[in-house]
Each structure stands twice: as C-alpha cells, then as structure tokens.
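Structure record follows, encoded as structure tokens.
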Amino acid sequence: MTRPEPGPDPAARAGVGDGRASVTTSIDAAGARLVHLEGEVDIANGSAVQSALESALAGSPERVTIDLAGLEFMDSSGLAVLLAIGSEVEELRLRRPTAIVRRIIEVSGLSDVLRVDP
Amino acid sequence: MIARVGKEPELASSASRIQSFFARALRSPALSVVGPLVGPSPRLGYEFTQTGTAPRYAAYAESDLPPARKVSVSPSSAFSDLRFAIYLGDSTGHADLLETNADHLPITGRLAKVTVPFGDRSFTLVASPSGSLGGTLSAWLPWIVAIGGTLLALGATLTTEGLVRRRGRAEHLAIEVGRLYGEQRTIAETLQRALLPDELTTVAGLDIEARYVPGVDGVEIGGDWYDVIPYEDGRILVVVGDVSGRGLGAARVMASLRFAVRAYAEEGEAPGSILSKISRLVNLGRDGHFATVLCALVDVDRRECIVANAGHPAPLLLSAGAGHYLTTVVGPPVGVSSGVDYDSVTCSIPSSATLLIFTDGLIERRGESIDVGLERLVTMAVGAPSGSLDSLLTSVVGDMTPDGSNDDVAMLGLRWQR
C-alpha cells in the first residue's frame with residue numbers, strides 16, 4: 001500500500017534560471033522541511049539551481065530531505081549541486097529518484113556517499 | 001583610446017615602451033605580457049587583442065607586484081618548506097623577478113627549475129627546499145615540481161581573474177559586450193592548454209593520442225585533464241580527470257591534482273594508492289570542487305592494465321570489431337569524502353586492442369540516461385571507419401558531439417600495435 005505523498009504547493013512553484021527546473025518547499029508528514037527539486041539540472045542551470053536550493057534551505061536546517069520524484073534529468077553538474085548542498089548541511093537525504101537520476105548516482109560511485117531513500 | 005579605468009598605467013610613463021609593446025601585442029591574438037614595469041608601484045602588464053573583427057580592440061591591464069617583490073608565506077602553507085622565485089621569461093636575472101619568498105637572491109643550494117608558458121611569454125620558477133627537508137634533491141624533485149606547478153597555475157589564475165574583472169569594468173564604460181565571449185573563451189583555452197601536456201610520452205608497441213575539446217556552453221574554463229606518465233620499469237600511468245564546476249577555481253584544482261598525480265607516480269605508487277592520496281588534497285566543502293579521476297597503469301608487453309576509478313566513466317575496450325567497458329571498482333569522486341581507499345582491478349588486453357578513456361562530456365546528453373550515451377559510444381566507436389588511432393578519435397568526437405558538447409571533453413586513446 002502506498003501512502004499519499006505530500007506534493008509541493010503549486011502556487012509556490014517558480015522556475016529557476018532558464019525555467020527548466022523548479023525548487024519548492026513543503027512540510028512532510030512528520031512535520032520536517034522537504035524540498036522538491038523538479039525538471040532538469042545540467043551544466044547550463046546548475047549554479048542557479050544550487051542558489052535556489054540554498055535559499056530554500058535558509059535558516060540552515062540540520063537535516064534536509066530533497067524529493068527528486070519530479071526530477072526528470074540530471075547530469076554530473078546536478079550531482080555537483082547535490083554534493084555541494086550535502087557539504088553545507090549536517091545530514092542530506094534524497095528520496096524517490098527517477099531511474100535516470102538513480103543511475104548517474106550509481107555510475108559516479110556515490111551510492112555510499114549520497115543517502116538515497118526509495 | 002576608448003576608455004581608461006583605475007590608476008594610471010605604469011606603462012604610460014614610457015612612450016617608447018608603449019609603442020614597442022603594442023606594435024608586438026597587436027600582431028598577436030594571444031595574451032601578451034610586458035614587465036616587470038618598475039616605478040613607484042611595480043606592476044606586470046597584460047594585453048588582449050580582439051582579432052578577426054573590424055574595428056579591432058585591445059584591452060590593457062596591469063597587476064601590482066608585491067613591494068620589493070617579496071611575498072610572505074604562512075608557516076602552515078604547503079610552500080613554507082620551499083624557497084622560491086618566479087621570473088618572467090626564461091632568464092633568472094633580477095630585472096625579470098616577479099616575486100619571491102627568499103631573503104637572498106639568487107636562490108642557492110639544491111635547485112629545481114621549471115618554465116611554464118604564459119601568454120606570449122613564460123614564467124620560470126626556481127625553487128629550493130629550505131629547513132629540514134632531508135634526502136637528495138631527486139627524491140624531492142617531484143614535490144617541488146608539484147608545488148611549483150600549482151603555484152604557477154595559481155599565479156596565472158589570479159592574474160587572469162584580475163584581468164577579466166578589470167575588463168568587466170571597462171566594458172560597462174565603453175565596449176560592446178557581445179564579442180567578449182569569444183575573447184574570454186580564448187583566455188580560458190589558453191590557460192587550459194597551458195596546463196595540459198604539450199607532447200605525450202611515446203612508448204614502444206603502443207600508439208597514444210589525446211583530444212581536448214572545450215564545451216560550447218558558457219565561456220569559463222573547465223577542469224578536464226589528461227596525462228601520460230612513464231614509470232621507471234617501463235610501464236606507463238594514463239590519467240583522465242574531470243574537476244566539477246567551471247571557472248578558474250576548477251582550473252586551479254585541476255592543476256594541483258594533475259601535478260600531485262605526477263608526483264605520486266614519480267614515487268612509483270599504484271593507481272589505487274594514488275587516488276587515495278590525492279583524495280586528501282581536495283575537499284568539496286573547502287574548495288567548492290571535487291573531481292572524478294581514472295588512473296590506469298599500463299604494461300604494454302604483458303598486455304595488462306591496473307585500473308582504479310574515482311567516480312569516472314569506465315574505459316571502453318575495442319577489440320575484434322566489438323566493444324565493452326572495463327569492469328572497474330567505482331569509488332566516490334575525490335574530494336567528497338575523507339579517508340577513502342580505492343581498490344583497483346587488473347584487466348587483460350587482447351592483441352591489437354584499443355582503449356578509450358574519456359570524460360563524461362563525451363557521452364552526456366540532455367534528457368537521456370547515461371546508459372544511452374555509453375551505448376551510443378560503443379556503437380560509434382565500433383562502427384567508425386578503420387584507420388589510425390588519430391582518425392578514430394576524430395571520428396568518435398565528431399559523431400558523439402556533432403554540434404559540440406555542452407561540457408568539455410578530454411579523451412585519451414591507447415592502441416596496441418600488435
């Protein structure tokens with residue numbers, strides 16, 4: 001049985017950089033802050049996405065979860081963004097990666113570095 | 001003269017020197033360097049000419065040299081055990097001195113000297129270990145070259161960064177913006193190529209070819225590199241690496257990793273051990289960059305290759321009309337976690353095989369899985385017209401990135417002659 005997942009608030013969704021990615025925040029079932037990263041992240045918009053994630057994490061929460069269910073594509077520049085965010089917070093969890101995103105994490109030897117939940 | 005910003009250029013104090021410098025500089029599309037300019041505030045001058053369009057523009061800037069050319073080095077710095085002096089050009093006369101941390105010149109004792117191209121000139125670094133460094137010079141030479149290379153790259157980085165900043169201001173004042181892209185790309189490429197080997201080592205029984213193709217997105221320098229380093233026992237270490245991000249910071253990390261790999265290779269370290277050691281030199285939290293690196297120690301005669309992999313795409317082995325990726329133990333990229341031990345695997349190479357080692361710019365394409373790109377590379381490489389290794393690399397790069405890659409591409413090809 002799957003429990004309903006809280007999604008981002010569509011009214012709060014705003015395009016990042018060239019508009020191919022969006023970063024929104026919501027509160028998960030346990031009351032913790034959840035960041036949704038959607039769209040595509042690559043070399044062209046990586047630094048804009050990183051800035052948007054850093055803004056979304058303002059107030060520096062120690063534990064951060066980024067939901068990747070809506071992230072359709074990410075290349076090594078996107079990995080760099082996630083690793084940079086991970087180096088700025090105490091604990092970073094990723095969850096619900098798409099197959100493309102899961103695969104780039106695996107082939108880059110990061111399965112033991114980035115904590116990925118189903 | 002369209003615009004001038006900041007202090008009066010030191011070069012302006014000598015009309016004849018201006019004339020002769022610009023007469024030389026305007027003929028050259030590369031970075032032209034003049035100096036050291038002595039006066040109340042000693043400086044080094046640089047000039048870029050925009051060629052190929054009319055009207056032509058030149059931008060000229062100067063950067064300050066330290067007072068009396070003397071820099072102080074923090075005792076905790078990697079350079080603290082080293083006396084060094086950097087000169088413009090290949091002479092080591094006092095008139096060409098840019099900066100030093102030594103109290104007395106010329107530096108004497110056990111000396112190491114390297115010259116690195118910079119624009120239309122070069123920098124020469126003279127260094128000598130100070131204090132308690134033991135052993136013979138030859139034992140320390142790799143370290144001195146490593147540190148010296150990093151230092152020179154750092155110097156070039158800082159001066160180029162300063163120049164780009166100054167250009168930015170002048171641009172607001174006067175010059176049209178659009179053409180700057182090509183120009184900055186040229187600066188970046190100049191630096192990138194200065195950091196790559198001029199000539200690859202030659203090895204009996206093996207063809208070696210390399211490619212470096214700058215990405216088409218953006219104008220900033222990338223951090224891809226390749227290297228081929230001979231071992232004393234006749235084996236060679238081949239290295240392909242990719243520092244995350246772009247800009248001069250990425251180039252600086254690339255330079256320090258490249259020289260560190262060379263230093264460890266000089267000491268005969270194995271690939272896994274090299275990756276473990278260089279992983280201590282980069283820290284994503286501190287440097288803002290990490291790197292994927294593939295090291296392969298190749299024994300041509302025994303047809304054997306010991307491969308260690310830090311988050312890098314696996315090499316593609318082409319043999320008898322088929323292609324497959326070597327199975328490697330993929331550890332994390334260097335710089336993302338501390339205290340990583342990298343395992344290596346030993347691969348056998350069939351006769352007349354070709355090995356391609358490349359950065360992900362070759363295979364990544366927007367919107368598709370990395371597996372699709374890896375599969376496409378096998379198809380393109382196997383289907384390439386038969387010919388020399390050089391023509392194979394040209395064909396593969398052309399077919400894989402027909403409109404240019406967004407990211408930089410570095411690639412090494414090795415082909416066993418029998």
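Proteins come first, then strands; the chains are lettered A, B, ... in the order of their sequence lines, and each starts at number 1.
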B/Asp407 CG to A/Ile43 CD1 distance, which is reported to the nearest 0.5 Å: 4.0 Å
Top contributor to chain A contacts, counting heavy-atom pairs under 4.5 Å, from B/Ala310, B/Gly331, B/Ser244, B/Gly285: B/Gly331
Using atom types as modelled, flag every donor-acceptor pair under 3.5 Å from a side chain in residues 101-118 of chain A to any protein atom, sequence neighbours excluded.
unit_1: A/Arg103; atom_1: NE; unit_2: B/Asp371; atom_2: OD1; d: 2.9
unit_1: A/Arg103; atom_1: NE; unit_2: B/Asp371; atom_2: OD2; d: 2.6
unit_1: A/Arg103; atom_1: NH1; unit_2: A/Glu106; atom_2: OE1; d: 3.2
unit_1: A/Arg103; atom_1: NH2; unit_2: B/Asp371; atom_2: OD1; d: 3.1
unit_1: A/Ser108; atom_1: OG; unit_2: A/Ile104; atom_2: O; d: 2.8

Partner set under side-chain contact (heavy atoms from CB on, under 4.5 Å) for B/Val330, not counting sequence neighbours: B/Asn309, B/Thr328
B/Arg366 backbone acceptor or donor facing A/Glu40 side chain under 3.5 Å: no
Best-contacting candidate, B/His312, B/Arg365, B/Glu368, against chain A by heavy atom pairs under 4.5 angstrom: B/Glu368
Side chain / backbone / both / neither for B/Thr292 at chain A, heavy atoms under 4.5 Å: neither
Heavy-atom contact with chain B under 4.5 Å, split by part of A/Ser76: both
